[in-house]
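In what follows, every chain begins at residue 1, and chains take the letters A, B, ... in the order their sequences are listed. Note that these values count all heavy atoms, side chains included, but never hydrogens, waters or copies made by symmetry.
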Amino acid sequence: MSYFAGKYDIAVIGAGHAGIEAALSAARLGCKTVVFTINMDAVGNCPCNPSIGGTAKGHLVREIDALGGEMGKTADECMLQMRMLNRGKGPAVHSLRAQIDRRKYSEVMKHKLETQENLELHQAEIVSVKEFGDHWELETRMGARYEFKAVIIATGTYLGGRIFVGEVSYESGPDGIFPATFLGQSLKDLGISLRRFKTGTPARVLRSSIDFSELEVQAGDEPVVPFSYETKDQLENKVVCHVSWTNEKTKKIILDNINRSPLFSGMIHGVGPRYCPSIEDKIVRFADKERHQLFIEPCGENTEEMYLQGMSSSLPEEVQLKFYHSIKGLENVIMMRCAYAIEYDCADPLQMDNTLEFMDHPGLYGAGQFNGSSGYEEAAAQGLVAGINAALKIKGEEPMILDRAGSYIGTLVDDLVTKGANDPYRMMTSRSEYRLILRQDNADERMTPIGRGVGLISDERYERFLKKQELKALELKRIRSTVIAPCEKVNELLVSRETSPITSGVKLADLIKRPQLSYEALESIDTDRPSLDPNIFEQIEVEVKYEGYIKKQLAQVEQMRRLEKKVLPSDIDYRSVRGLRLEAQEKLNRVHPTNLGQASRISGVSPADISVLVIWMSKGGAYEKID
Amino acid sequence: MNIDYQNTIAAISTPTGVGGISVIRISGENAVEIADSVFQSVSGRHISDIKGYTALFGKVCDEGEAIDEAVVTLFKAPHSYTGEDVVEISCHGGMYITNRVLRSVLKAGAVLAGPGEFTERAFINGKIDLTESEAVMDLISAKGRAAARSALGIKEGRLRAEIDSVKALLIDDAAHLSAWADYPEEDIPEVSSDSLFHNLTEACGKLDALLKSYDSGRAVKQGIDTLIIGKPNVGKSTLMNLLAGVQKSIVTDIPGTTRDIIEETVVIGSAVLILSDTAGLRDSDDPIERIGVELVKKRLSSCGLALAVFDASRPLDENDHNMLDLLGDVPSIAIINKNDLECVVDTDLIESKAKKTVYISASSGDGIDRLTQAVEEITGAATFDENAAVLSNERQYQCVMRAAEPLHEALKAVEDGVTLDAVTVLIEEAIQNLLELTGERASDTIVHSVFSKFCVGK
């Protein structure tokens, strides 16, 4: 028996990090939105590490925030400890990471959904998705039928989820929550190709059973730098983390039992992330490495559960206990939740375009792990892109397409829909060729105008942004025109910083440019310095110091954008373009790049094929349309 | 370049006028049909009946009239040089016959191939990559044996191997740097600026050496501008004919931009000389004075080699003395001709002014081996390492240059203590430019610039 439950604009299937951003942005853009979650207590759950951000992921969080998303603000609210990673390695790779209270995070996010205008949150498992051309119909397990203009799938690891612990395996979502067992078949019936990925998580252990006495402490940075440009309160670190190491004994226990790992026994068919391997994976693959590092991180303020980062495993529970006990500090540890591997269904993102809409199914979008990525931040970024674009489409507006030169979010989406993902995709700074421009310090400059254009940035926030830009421009002008005269005090300072003294007047900007100097170092001789947001000083310092490199990258961006301007028709059947190699025809037909730049990034499309396309386009591009 | 791939193209793909056999190559969808319409096999079989990689013997006809006996070889798509159906007609090598065969093929529906079009089609069809296609192009135009061998070296991947070794070095560093930045908590060893500096220095060294090789490679391959000077009747024309005739290697015969100059490219040993003559020297009656000392001076200053010809049987006159004075620092070989006659010329003076002196008899050909040796020595052709990886054209040179530049910048950045994120970006830029060189990535501009440089023939 089924019943008609209502007509809305947008459905979001899943209320994880992707679903939340998708739902909030769609609702904020005025679309009547429903979010379906299998378990109301799992909204915004962090089933893996209790932290948000990290290398490149921190960039994503900043960009999400600057674009009008929620992750950064909530992470700040639930922050337990904040660190800026990679200090000393250069501004392009500086990345924020927060330890967060995972229960609190979930609660805050749920409340934000509950209080959001235009948004309904329902506990329900979606069992079927039907396409009707002008609308979509979803049905819940209870028989409620809904009608939507667009559907965003953000099923995470729930879709066909199966958990593995040693020889034990059962159907399940993360953290013992029900999986989505019917939706997969319904998607396959639509003609969507699904594949199997896997991921895993380490054990949670009881804080009081850990001997911290000999473990290295890892404290947060002071003062805390928040993720969100909107967070005004000065945040405080509340906890510390600890570091320990595996040893020869750990290695032996794991190797002795390796055949009991479903990864090695062949029980798991899903493809795991290369970049986040389980401990048994690490030990087998890096056999000559004597020890591996692990971090002991608190899961929250009101819980004694501790997360063992770096120790994910799918070995049997008893083996886990044994090898955890072999580690310094964990000799008597009490395991509260064991480590497990989880296998799930996800879509091949090559089926989608840069708005994350399925090319063959208008109105259907995918985001997060469903698209083959891994990580909360990657998920949230895609959720935001899918939510915004679904809403824009319904409103009849131009889509928001973020390019590689403008953001990590754009790079992430472009990588997924152009190159696909052969294993769970994780963001890294090295994935961006423009990383000297795409820094976490200038995310607002890059994204806030876009967020404003879309409609997610309030007047008040935009005013503040403009004001900040104005102050920054003034300060840049000031340091470029202020001349520091040579005097004893100045030269003393310069010599003490191991840089050459000056004999004639030097522009302040030129002093800041010296590798040995910084804004901070020059404070005492820069008497007219205004009091400004520290982020302004940070941005200016980077821009001045790296001016030459930044200029160079901007020139490369120009070059790339020229290629991106060469638009390829969307309905072209590449089999009708003479001269393209078979492999290129197939790949191009699969990806359907929107422009020549994107086409050139498809693996399997050679420069020769691109030259064919160039010649073909310059000839006016006669082609056959897809039926 | 506007190319219509619907066309079947044809061209003479062997150097004109050289060798006993000429090959007319036909490529495209209608290659077999066109060849069948101009060819009658002895066995009566049609080309359309035979398998790829097999041949037929018979006659090429033009409107029923037999032009020549020929062997046709069929290469079926995609297993051919261009990746399309290809028929090659091998006929007897005279200019007249070869041109008539080509003409009949064109009459039957083929279109004359544009410069480099066979190779372009091969590239477009994914049969060869960019460095290979450029090597083929160089092979067609290589004007000397040394250059031909070096071009083969690239085809076999010598340049590719050298570039790959630099690429591997840089990719190693870039990967380490990326891992170090992206996994700050994964216990990845810090990238030491010492080892980075060492690797960057090595990579820069290799690229710089390649850049240097470009200049010497160009001299050997593209030929050395050579001026023949001498007063009337010393045997300049005979010498020119001897060089051209004996070697049978005239590749081009291009009237120069000014009507006064004629150029002939000849192969002497492993060197290529572009022999320039002046109007006066074409007509041996015209005296050198008419051209003017100033003009000779100017020509001498821009040439790579001067061959100053003297008559052994006549004493040096004012013209000869002027000429010897003009030689100055120009690489020059004094050729004392007519060594079969009694030697009355002042050889001591000549030897003191010219870099080398050779005695020959242009009419009998005696001494040509001595001249060859002298040319090889003076041009450096003898020491040119034809087996080393060399850059052979401007695009390759530019690519390597654009790779070397950011690397030098990266070296400086490491020295100056700039943070490694910027260094990484520079290394990646260098890698990108090397990938462009090997054609693994290419923008439309390179693709276009590559094809604009293809020469006629293949």
Side-chain angles (χ1 to χ4, degrees), chain A residues 54-56 85-86 88-95 218 243 245 275 289 291-293 295 309-310 426-431 433-436 515-516 545-546 548-549 552-553 556 559 562-563 566 578-581 583-584 596 600-601 606-619, chain B residues 1-6 29 78 83-84 120-130 133 174-175 177-188 190-191 406 409 413 416-426 428-429 432 435-436 438-448 450-451:
Chain A
T55 45
L85 306 176
N86 279 339
K89 295 185 189 175
V93 296
H94 287 175
S95 291
Q218 196 174 53
V243 182
W245 299 85
Y275 305 107
K289 220 173 158 186
R291 56 180 208 167
H292 295 272
Q293 204 170 18
F295 293 85
Q309 193 209 304
R426 181 193 149 150
M427 200 68 228
M428 296 186 284
T429 60
S430 46
R431 299 221 195 242
E433 53 275 54
Y434 308 114
R435 71 192 86 114
L436 287 179
Q516 303 85 351
K545 274 191 184 298
Y546 294 83
Y549 303 107
K552 216 169 157 174
Q553 291 226 310
Q556 290 163 358
Q559 218 175 357
R562 273 200 294 277
L563 264 186
K566 298 196 173 165
R578 280 182 61 97
L580 283 180
R581 289 169 316 118
E583 187 193 2
L596 213 56
S600 71
R601 292 190 291 271
S606 72
D609 299 316
I610 293 299
S611 76
V612 169
L613 284 178
V614 169
I615 291 167
W616 171 82
M617 283 168 86
S618 66
K619 278 170 59 190
Chain B
M1 188 180 260
N2 193 8
I3 292 154
D4 187 351
Y5 292 106
Q6 309 291 325
E29 215 165 56
E84 306 171 324
E120 173 163 1
R121 288 190 180 198
F123 176 69
I124 296 284
N125 290 325
K127 302 293 287 185
I128 51 178
D129 74 14
L130 269 181
S133 63
L177 283 163
S178 300
W180 176 69
D182 274 320
Y183 296 94
E185 300 188 325
E186 286 289 328
D187 186 29
I188 291 175
E190 191 163 330
V191 180
E409 222 179 308
D416 290 350
V418 176
T419 51
L420 293 182
D421 54 347
V423 176
T424 314
V425 167
L426 290 169
E428 284 172 10
E429 188 188 336
Q432 283 299 321
L435 286 174
E436 203 174 274
T438 54
E440 284 159 89
R441 256 171 238 167
S443 67
D444 50 352
T445 46
I446 345 164
V447 173
H448 280 307
V450 166
F451 292 125

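Ranking B/G83, B/P184, B/A175 against chain A, the residue ahead of the rest is B/P184, based on heavy-atom pairs under 4.5 Å. Contact tally against chain B (heavy-atom pairs below 4.5 Å) for A/G548, A/G88, A/G90: the top residue is A/G90.
The CH2 atom of B/W180 sits 13.0 Å away from the OG atom of A/S430 when rounded to the nearest 0.5 Å. Residue A/R435 holds its CZ atom at 5.5 Å from OG of B/S178, rounded to the nearest 0.5 Å. Rounding to the nearest 0.5 angstrom, the gap separating the CZ atom in A/R426 from the CG atom in B/D182 is 7.0 Å.
Taking the side chain to side chain contact (heavy atoms under 4.5 Å, CB included) definition, one finds that A/Q516 meets it with A/T499, A/R514, sequence neighbours left out. Residues passing the side chain to side chain contact (heavy atoms under 4.5 Å, CB included) test with B/T419 are A/P91, A/Y546, B/D421, sequence neighbours excluded.
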Could you walk me through whether B/E429 and A/K552 satisfy the side-chain contact (heavy atoms from CB on, under 4.5 Å) test, starting with their C-alpha distance in whole Å, then the side-chain angles of each, then the deciding distance to 0.1 Å, before giving a yes or no? CA-CA 10 Å; B/E429 188 188 336; A/K552 216 169 157 174; 2.9 Å; yes

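Nearest approach of B/A181 to A/T55, heavy atoms of both residues: O-CG2, 3.2 Å. Among all heavy-atom pairs drawn from B/G417 and A/P515, the shortest one is O-CB, 4.5 Å.
Only the side chain of B/L426 comes within less than 4.5 Å of a heavy atom of chain A; its backbone N, CA, C and O stay farther away. Residue A/E583: no heavy atom, backbone or side chain, is found under 4.5 Å from chain B. Looking at B/P78, neither its backbone nor its side chain comes within 4.5 Å of chain A, counting heavy atoms on both sides.
Using a 4.5 Å cut-off on side-chain heavy atoms (C-beta onward), B/V425 and A/Y434 make no contact.
Salt-bridge check for B/E190 with A/K89: failed, with every basic side-chain N at 4.0 Å or more from each acidic carboxylate O.
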